[in-house]
Amino acid sequence: MSTPSASSFTATPFIGKTFGVTVKGLTKQFGRSTVLRDINLEVRPGEIFCLMGPSGSGKSVLLKHIAGLERATSGEVRIGEHDASDPDTRDKVHLALVFQAGALFNSLSVYDNLALYPREHRLCDEAGIRERVMNALSILSLEKAVKKFPSELSGGMKKRVAIARALVMEPQLLLYDEPTSELDPVMSATISEIIATLREQTAVTSIVVTHDRSLALSIADRIGIIMDGRIRALGVPDDFRHPTDPDIANFLSPVIDLKNPRFKQLENSHE
Ligand SMILES: Nc1ncnc2c1ncn2[C@@H]1O[C@H](COP(=O)(O)OP(=O)(O)OP(=O)(O)O)[C@@H](O)[C@H]1O
């Protein structure tokens, strides 16, 4: 299988304008549970910002607010000068999401998965759609997969198709939710390289929710760590190589203690 590398593809710069994201005093409650607590954050135009944190800490909920898929209990999210929760913002900002599971339609070929958005939004005629789709597939070295169906693809190829589908939308803001989950280290490194190269070549602002420490340390301009609904640490990758905060250190390099009584409890729960 051919895997793309930074040097093996060239992206056409899509759209000159790119947007930053401002999160101000964002709090989100679901019923009685407070999931985000007074989040303040600035993602700069053209930046790769990696958002990390333990499971359940609120990363995906924050990403959904940026995508306009959740309404804040209080506070606000702005994309450039536009309110992220205003449905009209989607007409003004080309925003694309790369979801955890790839979210491809199994009944559609790779080509039709990519063509769906421009067809539904009547962005151009079929010849224009073909050009966009083939350009995105070539950027991700996926030309040979054009007629395949998602069930015929490996996990890494599905992630690349999901990124290609996002590119067809000519995004000015790209939101990735766990782009390397369930991938082996080589494919994870390839996806990281693709995210970095796309940003380099198209200047797209990229927000990446990830558990992948090596992805964040290798490609992020800045990293934010969210714990219990709050931004607990914010900095450049070098700040996180030898963290002094014990909670951050333990999150990034957990020490596994097999004598921990929790393991005994887990064992007993399976008896
Ligand atoms: N629609 C919802 N209704 C109620 N609770 C929700 C809803 N969406 C998320 N939550 C809760 O909000 C909390 C944070 O969820 P979120 O998906 O943001 O976590 P996460 O940090 O992305 O976790 P993971 O790394 O496991 O994906 C969780 O306790 C989750 O159960």
Side-chain angles (χ1 to χ4, degrees), residues 21-43 48-79 84-85 87 95-104 155-156 158-159 162-163 166 173-185 187-188 191-192 195 205-220 222-235 237 240 243 245 247-256 262 266 269:
V21 174
T22 310
V23 180
K24 267 195 203 154
L26 179 65
T27 292
K28 177 66 178 179
Q29 292 172 328
F30 289 110
R32 286 195 190 159
S33 142
T34 304
V35 171
L36 298 177
R37 300 163 194 270
D38 191 25
I39 301 268
N40 291 288
L41 191 63
E42 182 100 36
V43 178
I48 297 182
F49 187 89
C50 286
L51 189 61
M52 303 186 76
S55 194
S57 56
K59 303 178 296 294
S60 298
V61 171
L62 176 53
L63 201 69
K64 284 183 188 160
H65 279 83
I66 297 170
L69 300 173
E70 287 284 3
R71 280 200 164 264
T73 304
S74 59
E76 64 170 11
V77 179
R78 296 210 156 256
I79 303 175
S85 68
L95 180 153
L97 282 158
V98 179
F99 281 115
Q100 221 170 93
L104 302 173
K158 279 187 199 162
K159 301 264 187 200
I163 297 175
L173 174 61
L174 250 173
L175 307 179
Y176 298 88
D177 196 359
E178 293 289 355
T180 61
S181 64
E182 297 164 33
L183 297 183
D184 66 46
M187 190 45 73
S188 295
I191 296 288
S192 307
I195 295 170
T205 308
S206 308
I207 302 180
V208 188
V209 164
T210 185
H211 284 284
D212 186 337
R213 184 176 176 268
S214 37
L215 175 150
L217 291 179
S218 61
I219 67 164
R222 287 186 306 146
I223 297 171
I225 297 191
I226 187 165
M227 285 185 170
D228 195 22
R230 284 198 173 86
I231 297 287
R232 175 68 183 264
L234 190 64
F240 293 95
D245 178 332
D247 289 341
I248 300 292
N250 189 45
F251 164 67
L252 289 172
S253 308
V255 177
I256 295 170
R262 260 184 59 220
L266 289 172
S269 70

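We count ligands from 1, going down the list as the structure has it; atoms in each ligand are counted the same way. Here the structure is a predicted model, which means the values were calculated and not measured.
- Residue Ser57 places a heavy atom less than 4.0 Å from ligand 1.
- At least one N or O atom of Lys59 sits closer than 3.5 Å to an N or O atom of ligand 1.
- Between Gly56 and ligand 1, at least one N/O pair is under 3.5 Å apart.
- Residue Pro54 approaches ligand 1 through these ligand atoms, each under 4.0 Å from one of its heavy atoms: 21 (O).
- For the ligand labelled ligand 1, residue His211 lies inside the 4.0 Å heavy-atom shell.
- Between Val35 and ligand 1, not a single N/O pair is under 3.5 Å apart.
- Using modelled atom types, no side-chain atom of Lys158 and backbone atom of Leu104 make a donor-acceptor pair closer than 3.5 Å.
- The main-chain N or O of Asn250 is never found under 3.5 Å from a side-chain atom of Ser253 such that the two would form a donor-acceptor pair.
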- [ ] Give the C-alpha distance, both sets of side-chain angles, the deciding distance and a yes or no for side chain to side chain contact (heavy atoms under 4.5 Å, CB included) between Leu173 and Val43.
- [x] CA-CA 11 Å; Leu173 174 61; Val43 178; over 6 Å; no
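- Screening Arg230, Lys59, Met52 for a side-chain contact (heavy atoms from CB on, under 4.5 Å) involving Ile225 leaves a single residue, Met52.
- Put simply, the residue from Leu62, Val23, Thr27 that forms a side-chain contact (heavy atoms from CB on, under 4.5 Å) with Leu36 is Leu62.
- In this comparison of Ser60, Gly53, Ser33, the heavy atom closest to atom 22 (O) of ligand 1 sits on Ser60.
- Put simply, the side chain of Asn40 never gets that close to the backbone of Lys24: no donor and acceptor are under 3.5 Å apart.
- Taking distance alone, with nitrogen or oxygen atoms compared against 3.5 Å, Gly58 approaches ligand 1 more closely than that limit.
- Side-chain contact between Ile163 and Leu174: absent, with no pair of heavy atoms (C-beta onward) separated by less than 4.5 Å.
- Numbered from 1 in the order shown, with element, the atoms of ligand 1 that lie under 4.0 Å from a heavy atom of Ser55 read 23 (O), 24 (P), 25 (O), 26 (O).
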